[in-house]
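Notes follow the structure.
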Amino acid sequence: MERLIFHVDVNSAFLSWEAVRLVKNGESDVRLIPSCIGGDPNSRRGIVLAKSIPAKKYGIVTGEPIGLALQKCPELMVLPADFKLYAASSRAFKSILREYAPVVEEFSIDEAFLDMSGTALLYPDPLALAHTMKNRIRDELGFTVNVGIGRNKLCAKMASDFEKPDKVHTLFPEEIESKLWPLPVGDLLFVGRSSVRRLETAGIRTIGELGHADPKLLASLLGEKMSRQAYRYANGIDDSPVRAEPEIPKGFSNEVTLEEDVVRDEQAHAVLLSLADCVSARLRDEGYKAQGISVTVRYLNFQKRSHQCMLERATHSSRTVYETSKKLLSELWGDHRPLRLMGIAATNLLGKDEPEEGQLSLFGEEDSAAGRKNEKLDQALDSLRRRFGSGAVKRGASMTVREEVARKYKGKSDSER
DNA sequence: CTCGGCATCCTAT
DNA sequence: CTAACGATAGGATGCCGAG
């Protein structure tokens with residue numbers, strides 16, 4: 001069965017979506033000047049999340065610190081991120097795709113795979129269909145996309161990355177040699193910075209060289225699994241299906257880069273409480289309990305460390321997550337070296353309907369008096385948040401970590417933000 | 001020896 | 001000079017102790 005896969009990718013998604021909103025408000029189009037979306041402008045630690053094409057001409061790249069970008073281009077306009085807007089824009093964009101495609105996989109907020117296999121009678125000309133889709137999105141929603149077409153997801157995705165913006169590209173098997181193999185290895189999906197560095201030591205610079213390399217050599221450079229996947233990808237081989245169903249989550253995590261370095265236990269515990277509140281509220285909202293908790297810290301030199309543990313029993317209680325994370329931090333942070341980042345992750349999730357291994361619901365945390373009290377408090381806070389928004393409820397630490405950290409250490413109020 | 005837990009590394013948006 | 005100034009997620013890998 002020959003497949004036909006599209007990959008649709010919004011060009012400079014966050015910036016495009018912000019530009020559309022500004023244009024609707026009668027303002028000028030920031031896509032036409034050097035501009036970018038850059039993290040939290042109040043924190044000095046933001047990075048470039050999306051940039052305009054004029055900004056790119058200054059050598060500004062996604063992921064670089066805002067300060068550095070401003071050095072390259074002092075007149076760069078930096079706009080704050082607004083994830084509510086992005087979620088709404090993403091929905092509108094994907095709902096147009098669903099009008100054409102029987103199976104849509106939401107790969108990220110601004111990317112989707114469409115399985116168009118077997119639609120030849122309905123759409124005899126796939127290229128024409130791709131143009132129709134991208135033009136409709138552009139004309140109705142005001143932003144451009146790239147469409148990549150191939151026989152599998154990998155080729156569709158690589159093709160959508162070719163030339164931007166507002167383009168349709170194909171990467172069919174007979175085009176692998178001319179379109180894929182000349183590209184630098186780092187352009188290949190899942191060949192990141194570290195793999196590029198290792199491949200370079202063996203003189204492998206292009207995707208074509210990777211696709212012709214000795215599998216034994218690749219295994220020694222990249223490891224067993226990664227090397228096999230890289231070799232297949234380099235030759236345009238990929239069997240993975242387009243999945244319409246979202247994956248079942250494996251964990252929830254929240255982490256913050258702190259406005260000020262944390263050196264004392266009281267500061268650290270305030271941050272943990274806030275993070276624990278976030279993570280546990282997400283567990284309750286999504287109907288999961290965590291069997292494991294992990295705490296991560298990052299020092300001033302960017303070195304990261306983490307400690308994790310398994311719980312006696314699964315939990316979604318903010319108190320249990322908090323107390324556990326305090327214990328993990330104390331194991332991790334004996335030296336009290338200054339921290340620039342802290343995070344908590346809930347791991348080894350159990351779904352609502354998924355009973356715990358063993359038979360220990362006898363004197364579990366929900367059954368003790370203290371456990372019931374904590375459960376009640378969490379429920380009450382959750383319902384207040386649902387009614388009045390996440391900013392409404394504060395309890396030493398609030399829903400949003402950044403707010404709380406700012407309040408504690410800078411004495412700023414919400415209105416100043 | 002194998003398995004599972006843990007810490008870390010790697011990659012993606 | 002290097003990496004690297006972010007949040008979140010998932011998978012791979014190497015080590016270690018238990019059975």
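In what follows, chains carry the letters A, B, and so on, assigned in the order in which the sequence lines appear, proteins first and then strands, with residues in each chain numbered from 1. Remember, predicted model here, so these are calculated numbers, not experimental data.
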>> I need the CD1-P distance between A:Ile248 and C:dG11, as an integer number of Å.
In response: 12 Å
>> Side chain of A:Lys250, heavy atoms from C-beta onward: which of C:dG11, C:dA7, B:dA7 has the nearest atom to it?
In response: C:dG11
>> I want to check something: taking the side chain as every heavy atom from C-beta on, are A:Ile66 and A:Cys36 in contact at a cut-off of under 4.5 Å?
In response: yes
>> Given B:dC10, B:dT8, B:dT13, identify the nucleotide with an atom nearest to the side chain of A:Asp110.
In response: B:dT13
>> I want to check one thing: is the phosphate of B:dC9, taken as OP1 and OP2, less than 4.0 Å away from some side-chain N or O of A:Lys225?
In response: no
> Rounded to the Å, how far apart are A:Arg282 CZ and C:dA9 C1'?
Replying inline: 10 Å
> Just checking A:Ile109: base, sugar-phosphate only, or nothing, at a heavy-atom cut-off of under 4.0 Å?
Replying inline: nothing
> Would you find a donor on one side and an acceptor on the other, under 3.5 Å apart, between the side chain of A:Asn152 and the backbone of A:Gly236?
Replying inline: yes
> A:Arg193 side chain N/O closer than 4.0 Å to the phosphate oxygens (OP1, OP2) of B:dC9?
Replying inline: no
> In whole angstrom, what separates A:Phe190's CZ from C:dG10's C1'?
Replying inline: 9 Å
> Counting distance only, does the side-chain N/O of A:Trp181 pair as donor-acceptor with the main-chain N or O of A:Ala234 below 3.5 Å?
Replying inline: yes
> Hey, does the side chain of A:Ser12 reach the backbone of A:Lys51 with a donor-acceptor pair shorter than 3.5 angstrom?
Replying inline: yes
> Looking for any heavy atom pair under 4.0 Å, which part of the strands does A:Ile37 touch: base, sugar-phosphate only, or nothing?
Replying inline: nothing
>> Any side-chain N or O of A:Ser253 below 4.0 angstrom from OP1/OP2 of C:dA7?
In response: no
>> Side-chain N or O of A:Ser195 versus OP1/OP2 of B:dT11: is the shortest distance under 4.0 Å?
In response: yes
>> Tell me whether A:Arg205 at atom CZ has more than 12 heavy atoms from other residues, nucleotides or ligands lying less than 6.0 Å away.
In response: no
> Separation of A:Tyr299 atom OH from C:dC5 atom P, in whole Å?
Replying inline: 18 Å
>> Working note: A:Arg91 + A:Ser95, criterion side-chain hydrogen bond (donor to acceptor under 3.5 Å, both in side chains); need CA distance, chi angles, decisive distance, verdict.
In response: CA-CA 6 Å; A:Arg91 271 194 299 277; A:Ser95 102; over 6 Å; no
> Tell me: CG of A:Leu349 to P of C:dA9, nearest whole Å?
Replying inline: 10 Å
>> Side chain of A:Arg198 only, heavy atoms from C-beta on: which candidate in B:dT8, B:dC9, C:dA9 is closest?
In response: B:dC9
> So which one's nearest nucleotide on DNA chain C is more toward 5', A:Leu222 or A:Pro65?
Replying inline: A:Pro65
> 5'-most contact on DNA chain C: A:Glu64 or A:Lys304, nearest heavy atom basis?
Replying inline: A:Glu64
> How long is the line joining CG of A:Asp161 and C1' of B:dA12, in whole Å?
Replying inline: 12 Å
>> What is the distance, to the nearest angstrom, from the NZ atom on A:Lys72 to the C1' atom on C:dA4?
In response: 12 Å
>> Using atom P in both nucleotides, what's the gap between B:dC9 and C:dA3 to the nearest angstrom?
In response: 16 Å
>> Categorize A:Gly251 for me: base, sugar-phosphate, or nothing, with a 4.0 angstrom heavy-atom threshold over every strand shown.
In response: sugar-phosphate
>> Below the 4.0 Å mark, does B:dC6 have OP1 or OP2 next to a side-chain nitrogen or oxygen of A:His307?
In response: no
> Think A:Asn254 has a side-chain N or O under 4.0 angstrom from the OP1 or OP2 of C:dA7?
Replying inline: no
> With respect to the phosphate group of B:dC10, does any side-chain polar atom (N or O) of A:Ser194 fall under 4.0 Å of OP1 or OP2?
Replying inline: yes
>> Nearest whole Å is fine: how far is C:dA9 P from A:Glu247 CD?
In response: 14 Å
